[in-house]
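Below is one structure, written out as structure tokens, with a few remarks after it.
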Amino acid sequence: LSGANVQCSGTWSTSASTSGSWVGSRAAHPSSQGRIVYTRWPDNADPDICSLDVANGRWSLLQSNVLPDSAIGSTPRGDRIVYASGDRPAEVCSAGSGGWSRLTTTPNWHEGHPSVSPSGDRIAVSRISWPISGLKQLVTLRMDGSLDRILLESEDTPGPPTWSPDGTRLCFEMDSRLYVINADGS
């Protein structure tokens, strides 16, 4: 990668310039197809979601001007990207071409922090009822956006969930403490 500094320490980050200067990025896991999907922060603008082809160094814009609190996740194969932001439903797209489509249709919930299971068949998200009624949840969704199960209901907001490598548990932060919960709801 010419002009790029790619490092791995739990998440991927890059300092490659993609037209104009920008700072900081948060990336989903690189795919077996040689793509890294990341959030870039252009100067004086809301972040963009981009895809970088590692083999040739070309990048493509998947979504511009997303909210700063947005988060991305990818399927294990890296062929689909999940995007969620606190003020809109979760969306999914093809990693190479964009073409976002709405994943969830629950009008009273706003999803955040998507994390795709190691098998690629479920997405864990934290969500908040809207207008805010005080109820927060950690749930798993099927890849079609339908509810798989409610894992936790709380007055505190569950932080970004992370799957165990075997997909049987989820770890998340809430109220400055780390928790582990079984992904099957038991």
Side-chain angles (χ1 to χ4, degrees), residues 8-13 24-30 37-41 46-49 62-63 65-78 80-93 95 100-186:
C8 180
S9 60
T11 60
W12 288 77
S13 63
S25 64
R26 177 117 185 171
H29 298 281
V37 175
Y38 62 96
T39 306
R40 72 175 186 151
W41 292 73
D46 284 333
D48 301 326
I49 299 175
L62 299 177
Q63 179 77 26
N65 297 317
V66 298
L67 291 176
D69 69 342
S70 62
I72 56 175
S74 69
T75 58
R77 291 188 345 204
R80 291 176 34 172
I81 305 303
V82 179
Y83 159 71
S85 177
D87 77 327
R88 57 195 283 179
E91 297 178 285
V92 67
C93 82
W100 294 93
S101 61
R102 188 177 203 167
L103 185 62
T104 56
T105 57
T106 49
N108 297 329
W109 292 98
H110 291 268
E111 293 88 9
H113 312 294
S115 180
V116 181
S117 67
S119 60
D121 63 342
R122 292 181 293 163
I123 306 164
V125 297
S126 57
R127 66 183 192 174
I128 301 171
S129 61
W130 195 263
I132 295 179
S133 68
L135 184 62
K136 286 99 176 171
Q137 296 180 333
L138 179 65
V139 302
T140 54
L141 306 171
R142 294 178 192 89
M143 285 305 288
D144 65 2
S146 62
L147 180 65
D148 178 47
R149 65 188 40 148
I150 298 170
L151 300 174
L152 172 77
E153 290 188 329
S154 174
E155 291 184 12
D156 296 321
T157 304
T162 301
W163 291 88
S164 63
D166 64 2
T168 60
R169 294 181 176 190
L170 286 156
C171 179
F172 63 95
E173 179 274 332
M174 187 170 66
D175 197 27
S176 301
R177 297 181 68 187
L178 284 178
Y179 294 88
V180 176
I181 192 168
N182 292 331
D184 66 2
S186 64

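Predicted model only: the values in this text are computed from it and were never measured. The residues of the chain are indexed from 1 along the displayed sequence.
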Closest non-hydrogen atom pair between [X] and [Y], with its separation:
X	Y	answer
Gly167	Ala183	O-CB, 3.7 Å
Met143	Gly120	CG-O, 3.2 Å
Phe172	Pro158	CD1-CB, 4.0 Å
Pro161	His113	CD-O, 3.3 Å
Trp163	Ile123	CZ2-C, 4.4 Å

Can you find a pair of side-chain heavy atoms, one from [X] and one from [Y], that are under 4.5 Å apart?
X	Y	answer
Leu178	Val180	no
Glu173	Tyr179	no
Asp148	Val139	no
Asp156	Asp175	yes
Leu147	Leu141	yes

Derivation and outcome, side chain to side chain contact (heavy atoms under 4.5 Å, CB included), residues Thr140 and Leu170:
CA-CA 10 Å; Thr140 54; Leu170 286 156; 4.1 Å; yes
Going by side chain to side chain donor-acceptor pair (under 3.5 Å), name the residues that satisfy it together with [X], two or more places apart in sequence or in a different chain.
X	answer
Ser186	Asn182, Asp184
Asp166	Ser164, Thr168
Glu153	Gln137

Are any side-chain N or O atoms of [X] and backbone N or O atoms of [Y], one a donor and one an acceptor, separated by less than 3.5 Å?
X	Y	answer
Asp144	Ser146	yes
Ser117	Arg122	yes
Lys136	Glu155	yes

